[in-house]
Structures are given as structure tokens and as C-alpha cells.
Student: 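I have a structure I would like to understand better, so I am pasting it below and will then ask my questions one at a time.
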Amino acid sequence: MRAIVYYCDWDKKTESHELLRLAISRYIGQEINKITVCRRADTDRSYPEEYLRRKGASEAAEREGQGKPYVKEMPEIHFSISHSGDVWACAVSDAEVGLDLQICHKGDGEKLARRFFHPSEIRWLEQHGFDAFSRLWAYKESYVKYTGAGLKDGLDYFSVVDELPVMQREIPFRDGFWMVLTGSSDAVCDSSLYCLEYKGKL
């Protein structure tokens with residue numbers, strides 16, 4: 001299994017799905033003219049036990065069909081898109097992945113963490129400083145993108161400072177950003193970062 005993370009400076013005039021089409025073309029090594037993004041209902045992702053207790057296994061499976069996107073023409077290709085500031089990024093893989101990119105923000109981290117985070121993460125931030133809030137947020141959002149659960153169920157039912165049933169990895173990126181990839185151990189370990197060069201509007 002392999003995952004490649006593509007990124008570019010984003011003018012926001014180019015559609016995100018056009019950049020996704022270009023990223024998948026680079027990943028498979030051939031030009032794709034068109035993609036159709038749909039919702040996946042047939043995946044088997046790992047949820048923490050707390051989520052399953054809270055929602056019930058059947059409801060968790062039902063929620064998956066509402067949120068996890070895939071490319072209709074190539075259902076075997078998995079992707080996760082993130083953008084922050086003027087940067088667009090996308091992980092493309094042959095296994096489920098979740099990617100998040102966050103600009104490092106200072107201030108309000110403590111207030112937001114106490115409102116949205118798991119108690120063990122709050123304790124971790126109390127020890128390491130609330131300036132690490134954006135870093136933990138990238139880990140958390142990467143995980144919910146991987147599962148397809150999304151943000152609507154909250155972020156307090158799991159902890160990224162405790163053991164999760166997946167692997168997470170920080171990908172070194174530009175100063176002032178956190179980038180985190182979540183997936184199976186093979187996909188996360190065998191991952192690369194490439195600039196997705198394009199000239200203006202595609």
C-alpha cells in the first residue's frame with residue numbers, strides 16, 4: 001500500500017475537484033479527463049469503541065454512507081482533501097486515508113480544547129502547553145476524515161494522545177503548518193509528499 005500527499009499554493013479560482021483530478025492522474029501515471037465524486041457506503045473503517053457505544057454500530061455504518069467521498073470511475077482509489085490558508089493538499093492512496101492541514105494558530109486554544117477535546121487531550125495540553133492546540137486539531141481532524149464520521153458527532157469521543165486502532169503520522173511541511181496523515185500502518189509508513197504544479201486555472 002502507498003499514499004502520496006500532493007499540495008499546491010491555491011488561488012481558489014481552480015476547483016478543488018480539478019486539483020483532485022490532477023493529483024489522481026499523477027498518482028496512477030496517466031491523464032484522466034473527468035472524475036465524478038460520490039459517497040462511499042461500503043467501507044470497513046475502525047471506529048473507537050466509545051463512538052460505537054455512543055452511536056451504535058448500525059448507526060455508525062449508516063453515517064459512513066453519508067460522508068466518505070470516492071471517485072466513481074476508480075473506486076479502488078482513496079483520497080482525502082484538506083486546505084488551510086492558501087494551501088490545498090490531498091492524500092491519494094490505494095487504502096483508506098485521512099489528511100488534515102492546519103495553520104498554527106495562537107490564542108483561544110485552551111478555550112476551544114476545553115469545549116471540544118477529550119479529557120486526556122486536555123490533560124496533555126495542560127502539560128505541553130495550549131500552543132499545541134493546532135497540532136492536536138490536525139491529528140483529530142485527520143482521524144475523522146479517515147473514518148468518515150465527520151465533525152458533527154463532536155471530537156470528544158476519542159483521544160489522539162491515547163492508542164487508536166490506526167496509525168497517524170506528522171508529515172514535515174512548511175513552517176507555520178501542521179500536516180497529519182491517518183491510515184493503516186502500511187499506507188502511512190509508505191507515504192511521500194510532492195508539489196502539485198499547475199499553471200493558473202485548469
Side-chain angles (χ1 to χ4, degrees), residues 1-8 10 12 14-48 51-52 55-84 87-102 138-155 157-158 160 164-169 171 179-194 196 198 202:
M1 290 188 268
R2 71 186 178 114
I4 297 180
V5 177
Y6 298 94
Y7 71 93
C8 63
W10 192 25
K12 297 192 174 79
T14 304
E15 291 288 330
S16 181
H17 284 180
E18 280 299 296
L19 292 173
L20 172 62
R21 181 187 62 77
L22 183 57
I24 293 174
S25 294
R26 299 270 167 86
Y27 183 83
I28 66 172
Q30 69 181 65
E31 189 65 29
I32 306 165
N33 295 321
K34 179 184 175 250
I35 59 170
T36 310
V37 177
C38 303
R39 301 289 175 181
R40 187 184 300 278
D42 59 348
T43 53
D44 182 23
R45 287 181 292 282
S46 299
Y47 288 97
Y51 181 81
L52 297 175
K55 295 293 173 188
S58 61
E59 187 179 339
E62 186 180 317
R63 292 298 295 272
E64 286 183 7
Q66 297 174 11
K68 189 76 174 174
Y70 75 101
V71 174
K72 183 179 180 183
E73 294 82 1
M74 287 169 291
E76 71 282 3
I77 297 289
H78 303 270
F79 68 90
S80 180
I81 294 172
S82 186
H83 49 83
S84 191
V87 179
W88 180 93
C90 177
V92 183
S93 179
D94 53 5
E96 290 285 3
V97 288
L99 178 75
D100 194 55
L101 176 70
Q102 290 290 325
Y139 272 89
K140 291 181 80 64
E141 196 159 341
S142 172
Y143 180 71
V144 296
K145 286 181 177 181
Y146 168 80
T147 64
L151 297 174
K152 33 178 106 155
D153 293 315
L155 293 170
Y157 63 87
F158 69 97
V160 295
L164 286 173
V166 292
M167 183 175 234
Q168 295 193 288
R169 175 184 163 208
I171 297 178
M179 182 182 282
V180 177
L181 181 68
T182 300
S184 69
S185 59
D186 292 340
V188 171
C189 290
D190 187 17
S191 60
S192 309
L193 179 68
Y194 292 103
L196 185 66
Y198 75 99
L202 296 175

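Atoms considered below: every heavy atom in the structure, side chains included; atoms not considered: hydrogens, waters and symmetry mates.
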Student: Is the closest side-chain heavy-atom distance between M179 and L193 below 4.5 Å?
Tutor: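 With C-beta onward as the side chain, the pair touches.
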Student: Calculate, to the nearest 0.5 Å, the distance between atoms OG1 and NZ belonging to T147 and K68 respectively.
Tutor: 7.5 Å
Student: So, for Q168 and L164, which heavy atoms are closest and what is the spacing to 0.1 Å?
Tutor: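 Minimum heavy-atom separation between Q168 and L164: OE1-CD1, 3.7 Å.
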Student: To check you understand the geometry: which heavy-atom pair defines the closest contact between S80 and V97, and what is its length?
Tutor: CB-O, 3.7 Å
Student: Let me confirm one number: the NZ-OG1 distance from K145 to T182, rounded to the nearest 0.5 Å.
Tutor: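 Taking NZ in K145 and OG1 in T182, the distance rounds to 10.0 Å.
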Student: Donor-acceptor pair, distance only, cut-off 3.5 Å: does the side chain of S93 make one with the backbone of H78?
Tutor: no
Student: For Y143 and F158, work out which heavy atoms get closest and say how close.
Tutor: CD2-CE1, 3.5 Å
Student: Of all the heavy-atom pairs spanning D100 and S142, show the shortest one and how long it is.
Tutor: CB-N, 3.6 Å
Student: Testing L101, L20, V92 one by one against I81 for a side-chain contact (heavy atoms from CB on, under 4.5 Å), which residue passes?
Tutor: L20
Student: Can you find a pair of side-chain heavy atoms, one from Y27 and one from R2, that are under 4.5 Å apart?
Tutor: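 Yes - at least one pair of side-chain heavy atoms lies under 4.5 Å apart.
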Student: Once rounded to the nearest 0.5 Å, what's the spacing between atom NZ of K72 and atom CZ of R39?
Tutor: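 Answer rounded to 0.5 Å: 15.0 Å.
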Student: For R21, is there an ion pair with E31 - N to carboxylate O distance below 4.0 angstrom?
Tutor: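 Counted as a salt bridge, because a side-chain N and a carboxylate O are separated by less than 4.0 Å.
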Student: Evaluate the criterion side-chain contact (heavy atoms from CB on, under 4.5 Å) for residue pair L19 and W10; output intermediate values, then yes/no.
Tutor: CA-CA 9 Å; L19 292 173; W10 192 25; 3.6 Å; yes
Student: Write down the atom of P69, the atom of V37, and the distance for their closest heavy-atom approach.
Tutor: CB-CG1, 3.8 Å
Student: CD1/I171 to CZ/R169 distance, rounded to the nearest 0.5 angstrom?
Tutor: 5.0 Å
Student: For Q30, what residues pass the side-chain contact (heavy atoms from CB on, under 4.5 Å) criterion, not counting sequence neighbours?
Tutor: I28
Student: For the residue pair A91 and L99, what are the closest heavy atoms and their distance?
Tutor: N-CD2, 3.6 Å
Student: Could you state the interatomic distance from OH (Y7) to OG (S82), rounded to the nearest 0.5 Å?
Tutor: 15.0 Å
Student: Evaluate the side-chain proximity of T36 to E73: yes if any heavy-atom separation is below 4.5 Å, no if none is.
Tutor: yes
Student: How long is the straight-line distance from CD1 of I77 back to CD1 of I32, given to the nearest 0.5 Å?
Tutor: 7.5 Å
